[in-house]
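Here the structure is laid out as structure tokens; the discussion comes afterwards.
The figures here come from the full heavy-atom set of this structure, side chains too, leaving out hydrogens, waters and symmetry mates. Per chain, numbering begins at 1; letters A, B, ... match sequence-line order.
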2 protein chains.
Amino acid sequence: MKRNAKETEKKILQAAINIFSKKGFSAATTSEIAKEAKVAEGTIFKYYPKKKELLHAAMVEMIELFGESIAIDSLKKVIQENEDQSIEIILKAIVLDRITLFQDHLQLIKVIFYEMQFHKDIKELFLSKVSKNGIPIFAQIFEKGKKQGQFKDINSLIAMRSFMGMIIFMLLQREFLYKENAFENIEEEVDVLIDIFLNGIKRG
Amino acid sequence: MKRNAKETEKKILQAAINIFSKKGFSAATTSEIAKEAKVAEGTIFKYYPKKKELLHAAMVEMIELFGESIAIDSLKKVIQENEDQSIEIILKAIVLDRITLFQDHLQLIKVIFYEMQFHKDIKELFLSKVSKNGIPIFAQIFEKGKKQGQFKDINSLIAMRSFMGMIIFMLLQREFLYKENAFENIEEEVDVLIDIFLNGIKRG
DNA sequence: GAGTTAAGTGAGTGAGTACTCACTTGATAT
DNA sequence: ATATCAAGTGAGTACTCACTCACTTAACTC
């Protein structure tokens, strides 16, 4: 092997992810990706013979990162570390951990959700890994809470979805609307969301 | 005026919306839009000199539809009609009304959220109309509930966002995962979501 | 330092794009 | 019937794109 090929491939992949997230798959051009990666346009095609293979590789990269290792592992870790804490603390730890993930990989997440709409294979890839691995771990917390009599007898999947919806919608709004100070005072808002989720907004 | 020009323009706009929602703005071609609208490619450019103007027109169409008339009006109407009902019934009426809107205009909604990412003008247009008109009306319900002592002293905006997040996330999941029977048994799930929102998932 | 070969190059190509324009069509007014 | 002109056409144009390939560069062997 001459002139670190693995490095070059990585550079191209990262550049592709950058451009894809800025412009989307169709509007991104291979010449622009080449410039961003600081390689000749031809070099891209040595590694990814079709543009769509670049997109696919970016998705796989993300799913490796999320679906198996970082996402699931860190979720498991957070749950374990806080096992004996109150549900409020467990949820908060999980949410803050997930927010960090969201912040760190926002670009990747955006491309995936953007392209999933149009490419069935990517959608399946994502769903089979992230949803089918992540959701059961998450749902487990609710099941445990139910068994311990802490929670009402509510469908765990619906409960989890509600909670995820609250959190994700908040993050999207922050990222989308304010942007500059998107992650300021986020802990306070998380506290409020957890309180709503656990105790509702009605006066007892 | 010969050969109904308004009709032709509508046909082109609707075809554009269809193709844009299927493929996104960049991947959509004017020749394909022409075929879908059953006009010659040149005709498109008589009405919309640039492709991006077609996109913009589609956005404006949607915002007219949503931002001012249907969305806000039907929201106001639902709130008025159910003024004296319990908060559970008011919320359910609003949600079911919003779900109908979501179903009816899903295609449009998709294009908008898709393209907002890349076109600042469209984002501004959308936010200035929908958010700034819709949100205050919605927030008003929570303020009223707070004043009447029904609700805890929780930030109305955060409360509303949580609720919206729960609902929207549910809709997206249904649309995304099951698709075929996306809106089956939705009333039951809405009831659960409202219960979680009002009373929380913790055992009293 | 000549030879080997993987790694990298970039001008070139053909397909396909957004957009143009000289033209045709057909409803209406006279 | 004829003239008028908005409405509609589609081949043509300039350009951009993804992708190719004959070639160069440089790290390694002997």
Check: Is the count of non-hydrogen atoms from other residues, nucleotides or ligands lying under 6.0 Å from Lys23(A) atom NZ greater than 12?
Finding: no
Notebook entry, point to check: So does Tyr47(B) get a side-chain nitrogen or oxygen closer than 4.0 Å to the phosphate oxygens (OP1/OP2) of dA7(D)?
Noted result: no
Would you mind reading off the distance between [X] atom [atom1] and [N] atom [atom2], rounded to a whole angstrom?
| X | N | atom1 | atom2 | result |
| --- | --- | --- | --- | --- |
| Lys10(B) | dA7(D) | NZ | P | 16 Å |
| Phe20(A) | dA18(D) | CZ | C1' | 12 Å |
| Ile12(B) | dT9(D) | CD1 | P | 9 Å |
| Phe45(A) | dA7(C) | CZ | C1' | 17 Å |
| Lys6(B) | dA7(D) | NZ | C1' | 13 Å |
| Asn4(B) | dA7(D) | CG | P | 10 Å |
| Lys38(A) | dT9(C) | NZ | C1' | 17 Å |
| Glu7(A) | dA26(D) | CD | C1' | 17 Å |

Checklist line | Pairs satisfying ring pair (Phe, Tyr, Trp, His ring centres under 6.0 Å), at least one member in residues 153-174 of chain A, at least two apart | finding: Phe163(A)-Phe197(A)
Check: For residues 35-65 of chain A, which residue pairs qualify under ring pair (Phe, Tyr, Trp, His ring centres under 6.0 Å), counting only residues two or more places apart or in two chains?
Finding: none
Next item on the list: Summarise protein proximity over nucleotides 10-17 of chain C in one line of letters, 5' to 3': B for base, S for sugar-phosphate only, - for none, counting protein heavy atoms closer than 4.0 Å.
Entry: B------S
Notebook entry, point to check: What pairs with Ala40(A) under side chain to side chain contact (heavy atoms under 4.5 Å, CB included), at least two apart in sequence or on another chain?
Noted result: Thr43(A)
Next item on the list: Mind checking side chain to side chain contact (heavy atoms under 4.5 Å, CB included) for Glu124(B) and listing every partner two or more places apart, or none if nothing turns up?
Entry: none
Item checked: Asn18(A): partners by side-chain hydrogen bond (donor to acceptor under 3.5 Å, both in side chains), with sequence neighbours left out -> Gln14(A), Glu36(A)
Next item on the list: Applying salt bridge (Lys or Arg N to Asp or Glu O under 4.0 Å), name anything that partners Glu88(B), two or more places apart in sequence or on another chain.
Entry: Lys202(A)
Margin query: Test of understanding: with salt bridge (Lys or Arg N to Asp or Glu O under 4.0 Å), list the residues that count as partners of Asp191(A), not counting sequence neighbours.
Written below: Lys92(A)
Collect all protein-nucleotide pairs involving nucleotides 23-25 of chain D in which both atoms are nitrogen or oxygen and the distance is under 3.5 Å.
{"residue": "dT25(D)", "atom": "O2", "partner": "Arg3(A)", "partner atom": "NH2", "Å": "2.2"}

Item checked: Donor on one side chain, acceptor on other, Glu41(B) and Thr30(B), under 3.5 Å -> yes
